[in-house]
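These notes concern the structure reproduced below.
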Amino acid sequence: MASVPLPRVLSGIQPTAESFHLGNYLGALRQWVSLQESTEAFYCVVDLHAITLPQDPAQLRRNTLVSAAQLIALGVDPGRSALFVQSHVPEHVRLSWVLECLTGFGEASRMTQFKDKSQREGTGTASVGLFTYPVLQAADILVYQADQVPVGEDQRQHLELTRDLATRFNGRFGQAFTLPEARIPAGAAKILDLQSPDKKMSKSLPPAGCVFLLDEPGATAKKIRSAVTDTGREVVFDPEGKPGVSNLLTIHSALSGRPVAELEEHFAGSGYGDLKKEVAEVVTGALEPIRKRTQELLDDPAELERILAGGAARAREVASRTVADVYDRVGFLPPAAGSPA
């Protein structure tokens, strides 16, 4: 009996910080690990996307390696998933140009990231790369014929553009692309900033509210002990009335595996200090093995680069077939035999 192929998944993360944070981990990256069980996974560090904003070259190289090391430390298995750096697979850019030529100017200008930045700062400061960013993101997905894309609500608009471009190309040139579906990962937790619990945890906010995976345990515990809480002293889950406490309960539950209702019982009669102390213990206990494993991987950069080269080779096997088919359909003259790819 023929085996049914696993659905193919593509996801990427930018190397724009020296460490991922707890929101990245619990909101997305932990689900990357679990998806390896049921999908054919392609995971990339999207360094091409990172340069839509200015980057220090040496820091970008360092952050790219640190990002890859963290993904492996979190449980992404290069033996099961293709783990690679986006710029190591030139087919992303080669496909992106074709898709850009199918994208309307108005369509691109309505994309959230460009619209938000241009409204805040004016279009004069926004790069063309930021404008076409969603089209490159579409190419990232379509070049692997991904069946599913793990997305949060903030990325749903970009996935719709991807589907629109795939449909447009298929209608004009014949069936070349799989139409990807959104996959909302089960168990994803929305983690809020410790100092501003009305906002998602983000590296762009002041660092006191953001728990970085590679922080020293003492620094992590201090941030949690200093987390903003709410009026009263009762430890209950109430995202509207008690966003700070609710965020701490969400973090505890996500890492300990204990349901929030059970934690409410556990903390009945206790105060916010007890909650913070225990959350700090849970978080530091969960993150310390990740921090140590990341450092072990970074201590052998040659091996890490070998892993990434292997992932890029696997990715190119798939991506090169897609680009060859697309280029043929568009009408590009194929290179002569023996010409460089």
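Counting begins at 1 with the first residue of the sequence.
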Output all residues satisfying salt bridge (charged side-chain N to carboxylate O under 4.0 Å, His left out) with [X], sequence neighbours left out; order by chain, then residue number.
{"X": "D325", "value": "R329"}
{"X": "E317", "value": "none"}
{"X": "E305", "value": "none"}

Using only atom types and a distance under 3.5 Å, with no angle test, would you say the side chain of [X] pairs donor to acceptor with the backbone of [Y]?
{"X": "S96", "Y": "H92", "value": "no"}
{"X": "R30", "Y": "A254", "value": "yes"}
{"X": "T322", "Y": "V143", "value": "yes"}
{"X": "S202", "Y": "S204", "value": "yes"}
{"X": "E288", "Y": "P217", "value": "no"}
{"X": "Q36", "Y": "V33", "value": "yes"}
{"X": "N247", "Y": "P197", "value": "no"}
{"X": "D193", "Y": "K200", "value": "no"}

*After noting the C-alpha distance and the side-chain angles of M201 and L22, does the key distance pass the side-chain contact (heavy atoms from CB on, under 4.5 Å) rule?*
CA-CA 8 Å; M201 186 173 285; L22 197 59; 3.9 Å; yes
*Under the side chain to side chain donor-acceptor pair (under 3.5 Å) test, which residues partner Q55, sequence neighbours left out?*
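Residues passing side chain to side chain donor-acceptor pair (under 3.5 Å) with Q55: none at all.
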*Set of side chain to side chain donor-acceptor pair (under 3.5 Å) partners for S246, sequence neighbours left out*: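 S246 satisfies side chain to side chain donor-acceptor pair (under 3.5 Å) with no residue once adjacent residues are dropped.
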Test of understanding: clusters of I, L, V, M, F, W, Y form through side-chain heavy atoms closer than 4.5 Å, transitively. Do [X] and [Y] belong to the same one?
{"X": "I307", "Y": "L29", "result": "yes"}
{"X": "V211", "Y": "V228", "result": "no"}
{"X": "V93", "Y": "V135", "result": "no"}

Could you state the interatomic distance from [atom1] ([X]) to [atom2] ([Y]), rounded to the nearest 0.5 Å?
{"X": "L213", "Y": "L287", "atom1": "CG", "atom2": "CG", "answer": "5.5 Å"}
{"X": "L297", "Y": "I72", "atom1": "CG", "atom2": "CD1", "answer": "5.5 Å"}
{"X": "T167", "Y": "R172", "atom1": "OG1", "atom2": "CZ", "answer": "12.5 Å"}
{"X": "C210", "Y": "Q195", "atom1": "SG", "atom2": "CD", "answer": "11.5 Å"}
{"X": "L130", "Y": "H49", "atom1": "CG", "atom2": "NE2", "answer": "11.5 Å"}
{"X": "N24", "Y": "I191", "atom1": "CG", "atom2": "CD1", "answer": "11.0 Å"}

*So does K276 pair up with E281, basic N to acidic O under 4.0 Å?*
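Judged by the 4.0 Å cut-off on N to carboxylate O distance, K276 and E281 do not form a salt bridge.
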*Can K292 and E296 be counted as an ion pair, charged N to O under 4.0 angstrom?*
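No, K292 and E296 are not salt-bridged.
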Any [X] side-chain heavy atom under 4.5 Å of [Y] side chain:
{"X": "D147", "Y": "L179", "answer": "no"}
{"X": "S253", "Y": "L263", "answer": "yes"}
{"X": "Y25", "Y": "I290", "answer": "yes"}
{"X": "V89", "Y": "Y144", "answer": "yes"}
{"X": "E181", "Y": "R163", "answer": "yes"}
{"X": "P180", "Y": "L142", "answer": "yes"}
{"X": "V326", "Y": "F177", "answer": "yes"}
{"X": "L194", "Y": "I251", "answer": "yes"}

*What pairs meet the ring-ring contact (aromatic ring centres under 6.0 Å, His included) rule with one or both residues in residues 298-335, with sequence neighbours excluded?*
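Sorted pair list: Y327-F332.
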_Ring centres under 6.0 angstrom apart (F212, F20)_ = no
*Compute the ring centroids of F131 and F105, then answer whether they are less than 6.0 Å apart.*
yes
*For the residue pair W32 and Y43, categorise the inter-ring angle as parallel (less than 30°), tilted (30 to 60°) or perpendicular (more than 60°).*
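Parallel: the ring planes of W32 and Y43 meet at under 30°.
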*Residues which pass side chain to side chain contact (heavy atoms under 4.5 Å, CB included) with A286, listed by chain and number, not counting sequence neighbours*: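 Result, side chain to side chain contact (heavy atoms under 4.5 Å, CB included) vs A286: L255.
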*Looking at residues at least two apart in the chain, or sitting in another chain, which of them share a side chain to side chain contact (heavy atoms under 4.5 Å, CB included) with T39?*
P7, V9, L35, A41, Q148, R183
*asked:* Taking side chain to side chain donor-acceptor pair (under 3.5 Å) as the cut-off, I'd like each qualifying pair that reaches into residues 227-242, sequence neighbours left out, listed once.
replied: K242-Y272
*asked:* If you apply the rule salt bridge (Lys or Arg N to Asp or Glu O under 4.0 Å), what do you find for R258 with E265, and how did you get there?
replied: CA-CA 11 Å; R258 297 173 67 181; E265 262 184 62; over 6 Å; no
*asked:* Walk me through whether E107 and T103 qualify under side-chain contact (heavy atoms from CB on, under 4.5 Å).
replied: CA-CA 7 Å; E107 222 172 6; T103 307; 3.7 Å; yes
*asked:* For residues 204-228, which residue pairs pass the salt bridge (charged side-chain N to carboxylate O under 4.0 Å, His left out) check, not counting sequence neighbours?
replied: D215-K223, E216-R291
*What pairs meet the salt bridge (charged side-chain N to carboxylate O under 4.0 Å, His left out) rule with one or both residues in residues 7-25, with sequence neighbours excluded?*
R8-E40
Assess the side chains of [X] and [Y]: does a donor N or O sit below 3.5 Å from an acceptor N or O?
{"X": "T16", "Y": "K203", "answer": "yes"}
{"X": "H158", "Y": "Q137", "answer": "yes"}
{"X": "D140", "Y": "Q86", "answer": "yes"}
{"X": "E278", "Y": "H252", "answer": "yes"}
{"X": "Q70", "Y": "T294", "answer": "no"}

*List the steps and the verdict of side-chain contact (heavy atoms from CB on, under 4.5 Å) for L136 and V46.*
CA-CA 10 Å; L136 177 57; V46 290; over 6 Å; no
*Give a yes or no on this: more than 12 heavy atoms of other residues, nucleotides or ligands lie within 6.0 Å of atom CD1 of I51.*
no
_Determine whether L71 and V45 satisfy the following criterion, side-chain contact (heavy atoms from CB on, under 4.5 Å), listing intermediate values before the conclusion._
CA-CA 9 Å; L71 290 172; V45 180; 4.1 Å; yes
*G285 versus P289, closest heavy-atom pair with distance*: O-CD, 3.3 Å
Please set out all donor-acceptor pairs under 3.5 angstrom arising from side-chain atoms of residues 58-66, sequence neighbours excluded.
residue, atom, partner, partner atom, Å
Q59, NE2, N63, OD1, 2.8
T64, OG1, L60, O, 2.7

